Every structure is written in C-alpha cells, then in structure tokens.
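Here's the structure, in structure tokens; my notes come after.
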Number of protein chains: 2
Amino acid sequence: MGSGHGAAGKLKYQRIAEELRSAIEAGEYEPGDRLPGENDLMTLHGVARMTVRQALSVLRSEGIVEARKGAGVFVRAFRPLRRRGIQRLASERWAAGRSVWSADVDDRRELVVDGVQVTQEEAHERIATVLGVEPGAPVWARRRRYLLDGKPVMSAASHFPAGLVAGTAVLLPDPGPGGVYARLAEAGHAPAHFREELRTRMPSAGEADELRLPSGTPVILITRTAFTADGTVVEVNDMVLDAASYILEYEFDA
Amino acid sequence: MGSGHGAAGKLKYQRIAEELRSAIEAGEYEPGDRLPGENDLMTLHGVARMTVRQALSVLRSEGIVEARKGAGVFVRAFRPLRRRGIQRLASERWAAGRSVWSADVDDRRELVVDGVQVTQEEAHERIATVLGVEPGAPVWARRRRYLLDGKPVMSAASHFPAGLVAGTAVLLPDPGPGGVYARLAEAGHAPAHFREELRTRMPSAGEADELRLPSGTPVILITRTAFTADGTVVEVNDMVLDAASYILEYEFDA
DNA sequence: CAAGCCAAGTTCTCTAGACAGGTAAAGTGC
DNA sequence: GCACTTTACCTGTCTAGAGAACTTGGCTTG
C-alpha cells in the first residue's frame, strides 16, 4: 500500500537525494551543517558530477538545503515569525489548544523597518480597481521593507487615495505611535474592516533578490484592503513575504 | 534604475530563460501553448543541450512552464479557486472595493470529494498537543481529498478526540447536510471559534504526487483548530493545498 | 600583531555526446 | 471508417571532463 515513492526511487539521482534527505531528517546533519561536497558524493556513489548535482538540486528545490558557491551545501533552518491577521487576541479562553507550530517560533526577535519611501504616483490598473478610483488618478504610495536579524523577510507597498491623505501624517516616513491606521483615524477615516487575500507562488527574479531568497523558497503575496465604516476603501497594502520566515494566523468566530 | 537583474543576465542559460520568460509575459505564448523544443533552442542559440535544459529548469522552478515527457514544454495556467476563511460574508457593504485577483478566479467550477477514509488511530505527538490529550490517546481521523475538474487540489485530515465523536454521524463517510460541524453541534459540541495557521513550502515527494503537482508549485499547509464555546478543542484539521489552485481570503473587523 | 596575499577546495557553467522512455501523429490492415 | 502498429519526435537520465567564479583559512609581509 501507500505505493511508496518514499521507498526506493530507482533513479541514481533520486537514490542519492533520498539518502541525504533521510540523513537530514534523522538528524545526522543539523541546520547549518555542511553536506558532503560534490566530489565526495561522486566518488562515494561512483557517478558523474552532473548526476550528483541533479540530486542536490532536488533538495535545493525542496528548500531543505542551500548551496553557497565556493563553500558547500548547507542544511537550512526554519525559524519563522508568527503573524496574526486579527490582532485583538484577547480571547484567553482559547489558550487550551496550543498553537500548532509553536515549537518553531521565536517571537523574541524583532522586526525593523528598512527603507521607507513615500511617493505620489498615478494609480495603475489593479490598484485603481481595488481603490475604486480611475486608472491614472493620483495616489500616494508608501513602500518599505522589514528586516529580521538583518535579513529581509517582507516588502510592502501601501496605496492611498490622494484626496484622503494629502497633508496628513500618513505620508511621513515615521507615522508615529499606532502607525498609519491611527493617523487615518485622526483624519476621520478610521479603518473599520479589513480583507486579506493571499496567494503563494515561486518568486520572480526581482522578488528573490529583494528578499535575498535562496532558491526553493516560495513567497506569500498578501493584499490587505482597509475599509472605513461606510465602506470606503482607504488603503490597499500589497505585501510580499518570505514564506520560510512566516507562519500566518487567523482567528474568527463561527 | 533599481539595478537590474531583469536586464541582461550575462550567463547563457539566464539569457535564454529571460528571453522565453518575457515572450511568455508579452503573450507570445499563451497558457497551454508549447514552447520551442530543446533541439530548436540548441540550434537557435548555438549551445549544448544541458544549457538549454538549465534555462528551461529555471522556468519550471518558477512555476511558469511545465514539461511533459515526450511531448514538450508548455505554459502553465493560473486559474485558482477562492477559499473564504470566514463564511458569514453577509457584509454587502464592503462590495465597493473589488477583490484583488478576481479576474483570475472562476467560481463556477465545483469541488468534489474523492476518497474518504475514517479510521481510529493513536494520537501522535503533534495532534495530541493541539487536541489537548495524551500522546497515544485514541482519536478518530477523517481523511479525504478534493478534486477540481478531476485534478486533486487539496488533501485534508481531520482529527477528533475519540470520546466526543464515538457513535455519531461525524464518522460516517458522508456526514450529511451541514457537514461534520453540523453533526458536532447536534452532539452538543458546536464549534464556536476557529483558529487557522498557515505556512507555505515546497512539497515533499509524497505531497507532490498525491496532488499531482508539477515541479515549481508550492503547497499551502493550513491547520484549522475548532473550539467549542467553553474552549474545548473538538477538531484539528490539517490541510495541504496546491498553491496554484487557491486564493485564500480572510475578512475581519478592526 | 595586523593586513594583505595566495592556494586549496568548492560550487557553477558549459560542452558533446549516448541511450532510455514516453507521446502523438502518420500509416497500415481489416 | 475503425483499430492497431509503426515511426518520428521529444524530454529524461547519465557520462567525462574543463575552465570560471567564489570562499576560506593559512601564509607571508610589513
């Protein structure tokens, strides 16, 4: 039963990949450890270099190892942040069931904002539709990147209708305590409702080097739309997350 | 500016990949179309076959093309389903801001359940912690797969504490109208609160062939924990989603 | 002792081929 | 016209080797 797939793998490169993979899972190699080099694996298994490389490329595209040119192939670690979609987590009573991947999470580390850029732009197609304005209408864009231990883990671009935010502190590099939502509220446009849409795919070349992603790491695309109480859209926030750095959490009632 | 990466790409395989990628983005090749074969690209660019293959492997791992042995390399389509985390979407008033990727979504197609298996098992470590029972304690597992147009797009495994569901319709292959949650409610364990935790990574070999994923497709792992009003955990549902088949949506109030 | 250089070791790129195995269309026979 | 076979084409696997690019640690030099 089960058929297998896990079992043998008749192909040479699959057998080599399988052997390394199970060695890693067994803990023979820990995160950060270096695997045997291509030359070692060649002589060890008696195969050509390209065959060894194909085996390693399997593991790389599975995201469990990472090659550093000139140095070797290393086992990757998975130490994600937890991102809570719904902040008001006052519900102490749900504490009974523990979080699923809690063991992996290290919440003591902190995110720092990297390079804030606030610019006025013309709304392109997609932003215009979501924001409910004409394509080409003036919007303000607020772009920034978040670093964790110096490594970028997310880049984000918020868009606001120009009329709503002109002259407000929303457009300052540092919007102050409470962030842009607090400033929007002061301007009479308090967000009352949010929609987040998520999808996942492999990164484009540009995304990969902006987040410094090794190959084998997907990205998560989140678009958050913020509505005021009367249904006006006040912000569209496009985020690109390093999938290996995040666990997302949403809580809601039946 | 922005430096480039998009620009040249001095390496041969990068240039070939770049050329094909931009041809696809320009619409020269539409979803389902066949790209020039390896032999064509060899003579066209005057390079060895392995070089062409490396170029194509870039596009494959980006998830934008898919190779079928003996047939050729084809441009992949992206036609996801929309999965709403919070069902009570009565909020007509938010309709102003349109959904972000709505153009891609085709909601007329329908999911069908594939192979339901209900078995009694001993809770292993992770399930036990979340469910709040001892490891090895009896639990009921309900596994199934969802197909869209015959293609598997999700596999799911729900776990219930044995004491709560023994003898109820929760364990029937077809739990009837309203699904297992309706049956849980009838048994006096109505779910009142949910937590969903998401993460994303490249699939293992087993996941890849259960969902028949071409390489370059990540999976989304969702664990939903269902709580009753008094905080008891009644279900832990582990889902594995084909990332190319889903857009996830969560709505909530400030 | 510090700074810079150098060499060994490593992965990455690329070549030129050979055979295996799957696909799909053309052709053949009934 | 239908079913079957053949055949051309295509991607997958693998070999053997060479040079480029990069990292690291040891060595030399000031």
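Residue numbering restarts at 1 for every chain, and letters A, B, ... go by the order of the sequence lines. This one's a predicted model, so the numbers in the text were calculated from it and none came from an experiment.
- Between the NZ atom of K69(B) and the C1' atom of dC10(D) there is a distance of 11 Å, given to the nearest Å.
- Protein atom CZ of R15(A) is 15 Å distant from nucleotide atom P of dT13(D), rounded to whole Å.
- In this structure, CG in L35(A) is found 7.5 Å from CG in L59(A), a value given to the nearest 0.5 Å.
- For the 3.5 Å distance criterion, the side chains of S158(B) and E235(B) qualify, holding a donor opposite an acceptor.
- When the P atom of dC14(C) is taken as reference, atom CD of Q54(A) falls 17 Å away, rounded to whole Å.
- OP1 and OP2 of dC14(D) both lie 4.0 Å or more from every side-chain N or O belonging to Y13(A).
- Comparing dA24(C), dT11(D), dT11(C) by their closest approach to the side chain of V73(A) singles out dT11(C).
- Counting non-hydrogen atoms under 4.0 angstrom, R68(B) reaches the backbone sugars and phosphates but no base.
- Candidate nucleotides dT15(D), dC10(D), dT10(C) were compared by shortest atom distance to the side chain of N39(B), and dC10(D) ranks first.
- Taking for each of A67(A) and G70(A) the nucleotide of DNA chain C with the nearest heavy atom, the 5'-most of the two is the partner of G70(A).
- With respect to D238(A), the salt bridge (charged side-chain N to carboxylate O under 4.0 Å, His left out) criterion is satisfied by exactly one of R143(A), R126(A), R224(A), R144(A): R126(A).
- If you measure from atom CG of L11(A) to atom C1' of dC14(D), you get 10 Å, rounded to the nearest angstrom.
- Computed from coordinates, the R53(B) CZ to dC12(C) C1' distance equals 18 Å when rounded to whole Å.
- Note: CZ (R49(B)) to P (dT15(D)) measures 15 Å, nearest angstrom.
- Between Y250(A) and Y250(B), the two ring planes are parallel [angle under 30°; tilted spans 30° to 60°].
- With respect to the salt-bridge test (charged N to carboxylate O, under 4.0 angstrom), the residues E66(B) and R60(B) do not qualify.
- Distance, D40(A) CG to dG9(C) P: 11 Å, rounded to whole Å.
- A close approach under 4.0 Å does not occur between any side-chain nitrogen or oxygen of T51(A) and OP1 or OP2 of dT13(D).
- Note: CE (M50(A)) to P (dA18(C)) measures 18 Å, nearest angstrom.
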